[in-house]
Amino acid sequence: MKKNQAIELILSLILFVVTFFNLFLPNAQLQKNLLTIFLIIYTILVIKLINFQKVGNINKKKIVILILGLSFIHVFFLYLIGIYVGFYKNTNSFSRIRFFNTILPYITIVICSEIIRQIFIIKEKKSHLIILTTGLILAEITTYLAQYQIETLNETLILIGYVSFPAISTNLLCNYIIKRYGLIPNLIYRIITTIYIYLFPLLPNIYIFFQSIYRIIYPYIIYIILDGFFEKSTFKKVTKNKKISFISLFISIVFVTSIVMLISCKFRYGILVVGSSSMAGTINKGDAVVFEQYHKQSLEKGQIIVFVKDNIKTIHCIEAIQIKNNETIYYTKGTNNQQQDEGYRTNQDIIGIVKFKIPGIGWPTIWLNDLFEP
């Protein structure tokens, strides 16, 4: 390996390692501040060690205008939806303190990230670029996590799931744009599509699941527009490859959408990780169960249900069903427990009916939970 390539590999690994472990710091503000300081130092170091080259393109002005318009459309469309679903008061709205604590660090992170991206993109070393892009995705996840009040590990994991997929989509678009059109279009797109969160007093009350899907798809729409308008005279197009690419993207979007829908537990089906051994033998600790939302379907003895007990979601079997004061009540028990659960469940307590299990895939969540718990 040549000396320059070795330096690039080491630098990309440093970015990945730092951004990864930064996610596990206990405070979102601390995460953002340390990331900002690190990226400033890292950018200076990269510029010193790797030659910085500009990207030339005859359509540069047109691209800037187009990206500017598409970025504003992104925000406009969200607020258009907000007219239908409503708005909520923005706790992160603009103030002098907010500018220095939030907006300025975010803009700094974006500028540093895109300068770093351009330097490495031009080198076109795929292995280095994959590592670096992963680090930039983690950096973007950090900036989004700082926008939300997160109190539990479960909320953290869900939010990471919502944020990480759009971050991947955005960074793939940014790689494409910066390779062909340079730094400025990326800065415009990333700043406009996020900075409104810190400026406006009201935000669209759109469920985060739909925001995630929208943020996954919109970068690809921009890619199609750029590719259709500006690539015909510059790059050869292979129809077969485009069809394969589109099919792959469609499958990926369907897969990601399905996963997010399951994790959100807001649609017909949801997924939960089993964190105890009360159902061992039937459903073991570390398994994940897929359940159907309960809407007063007919239930029978022996069915496995998901219900809320002491504000905790529990997965147990129906041991007996009785009618009490014209209300159906359910006695439940873990198949590995010696005694029946205390009290009984009503229809209001039941969340879903377990359909099947996926063995073992929930262990990473359990390990992280054990790590975070005091």
Side-chain angles (χ1 to χ4, degrees), residues 12-40 42-43 74 92 101-117 120 129-175 178 186-187 189-198 207-220 252-253 255-257 259-260 263-264 364-365 368-369 371-372:
S12 59
L13 285 171
I14 289 173
L15 179 69
F16 169 76
V17 170
V18 172
T19 52
F20 176 77
F21 284 103
N22 186 62
L23 283 173
F24 294 93
L25 294 177
N27 183 279
Q29 187 65 39
L30 178 63
Q31 291 175 353
K32 184 174 55 181
N33 291 342
L34 288 181
L35 179 64
T36 304
I37 295 169
F38 165 73
L39 285 179
I40 292 173
Y42 183 85
T43 303
H74 171 91
N92 293 319
N101 287 349
T102 304
I103 298 176
L104 188 59
Y106 173 75
I107 293 175
T108 304
I109 289 171
V110 169
I111 292 173
C112 290
S113 297
E114 296 311 318
I115 291 174
I116 294 165
R117 191 192 307 275
F120 275 85
L129 185 58
I130 291 171
I131 298 171
L132 180 102
T133 302
T134 305
L136 294 177
I137 289 169
L138 294 175
E140 183 166 346
I141 290 173
T142 300
T143 63
Y144 271 93
L145 291 180
Q147 299 171 20
Y148 300 91
Q149 297 294 326
I150 305 170
E151 299 178 353
T152 66
L153 174 64
N154 187 51
E155 290 175 349
T156 303
L157 293 174
I158 290 174
L159 188 56
I160 288 175
Y162 287 141
V163 170
S164 59
F165 294 125
I168 292 170
S169 181
T170 297
N171 275 269
L172 291 177
L173 174 67
C174 288
N175 284 355
I178 213 163
N186 267 359
L187 293 178
Y189 174 72
R190 290 197 59 192
I191 290 174
I192 291 178
T193 55
T194 307
I195 206 72
Y196 74 93
I197 296 173
Y198 306 112
Y207 181 53
I208 195 170
F209 162 77
F210 294 107
Q211 292 188 49
S212 301
I213 297 302
Y214 177 62
R215 288 177 51 228
I216 290 170
I217 296 174
Y218 198 75
Y220 184 68
S252 300
I253 290 175
F255 174 75
V256 169
T257 302
I259 293 297
V260 176
I263 293 174
S264 70
T365 302
L368 280 172
N369 190 60
L371 181 66
F372 275 71

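Throughout, numbering of the chain's residues begins at 1 and tracks the sequence. Computed from a prediction, not measured in an experiment: that's the story for all the values here.
- Phe20 and Phe24 make their closest contact through O-CD1, 3.3 Å (heavy atoms, listed as atom of the first residue, atom of the second, distance).
- Here CG of Leu35 is found 7.0 Å from OG of Ser113. Values are rounded to the nearest 0.5 Å.
- In this structure, Tyr189 and Tyr218 have parallel ring planes: the angle between them is below the 30° cut-off, well short of the 60° mark.
- Considering only heavy atoms from C-beta on, Thr193 stays 4.5 Å or farther from Arg215 through its side chain.
- Judged by distance alone, the side chain of Thr194 and the main-chain N or O of Ile191 form no donor-acceptor pair under 3.5 Å.
- With rounding to the nearest 0.5 angstrom, the CG atom of Asn33 is 10.5 Å from the CG atom of Leu25.
- The shortest side-chain heavy-atom distance between Thr170 and Ile137 does not fall under the 4.5 Å cut-off.
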### Message
side chain to side chain contact (heavy atoms under 4.5 Å, CB included) for Thr134 and Ile131? Distances and angles first, verdict last.
### Response
CA-CA 5 Å; Thr134 305; Ile131 298 171; 5.8 Å; no
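- Checking side-chain atoms of Thr143 against main-chain N and O of Glu140 turns up a donor-acceptor pair under 3.5 Å.
- Panel note: side chain Ser12, backbone Leu132; no donor-acceptor pair is recorded below 3.5 Å.
- Heavy-atom minimum distance, Pro219 versus Leu173: O-CD1, 3.5 Å.
- A distance-only check finds a donor-acceptor pair linking the side chain of Gln29 to the backbone of Asn101 [under 3.5 Å].
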### Message
What verdict does the side chain to side chain contact (heavy atoms under 4.5 Å, CB included) test give for Leu136 and Leu15, after you've listed the backbone C-alpha separation in whole Å, the side-chain angles of each residue and the deciding distance to 0.1 Å?
### Response
CA-CA 8 Å; Leu136 294 177; Leu15 179 69; 4.0 Å; yes
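- You'll find the side chain of Ile116 reaches within 4.5 Å of the side chain of Leu39, heavy atoms only.
- Under a 3.5 Å cut-off, the side chain of Tyr214 and the backbone N or O of His74 do form a donor-acceptor pair.
- In this pair, Phe38 and Tyr42 present their aromatic rings tilted. The plane angle is within the 30 to 60° band.
- Within the 4.5 Å cutoff, side-chain heavy atoms of Ile195 are placed close to those of Ile107.
- A donor-acceptor pair under 3.5 Å is formed between the side chain of Thr142 and the backbone N or O of Leu138.
- Residues Pro105 and Thr36 share a closest heavy-atom pair of CB-OG1, 3.6 Å.
- Using a 4.5 Å heavy-atom cutoff, the side chains of Ile111 and Thr108 are not in contact.
- For Asn186 (side chain) and Cys174 (main-chain N/O), a donor-acceptor pair under 3.5 Å exists by modelled atom type.
- Here the OH-CD1 distance, from Tyr198 to Ile103, works out to 8.0 Å after rounding to the nearest 0.5 Å.
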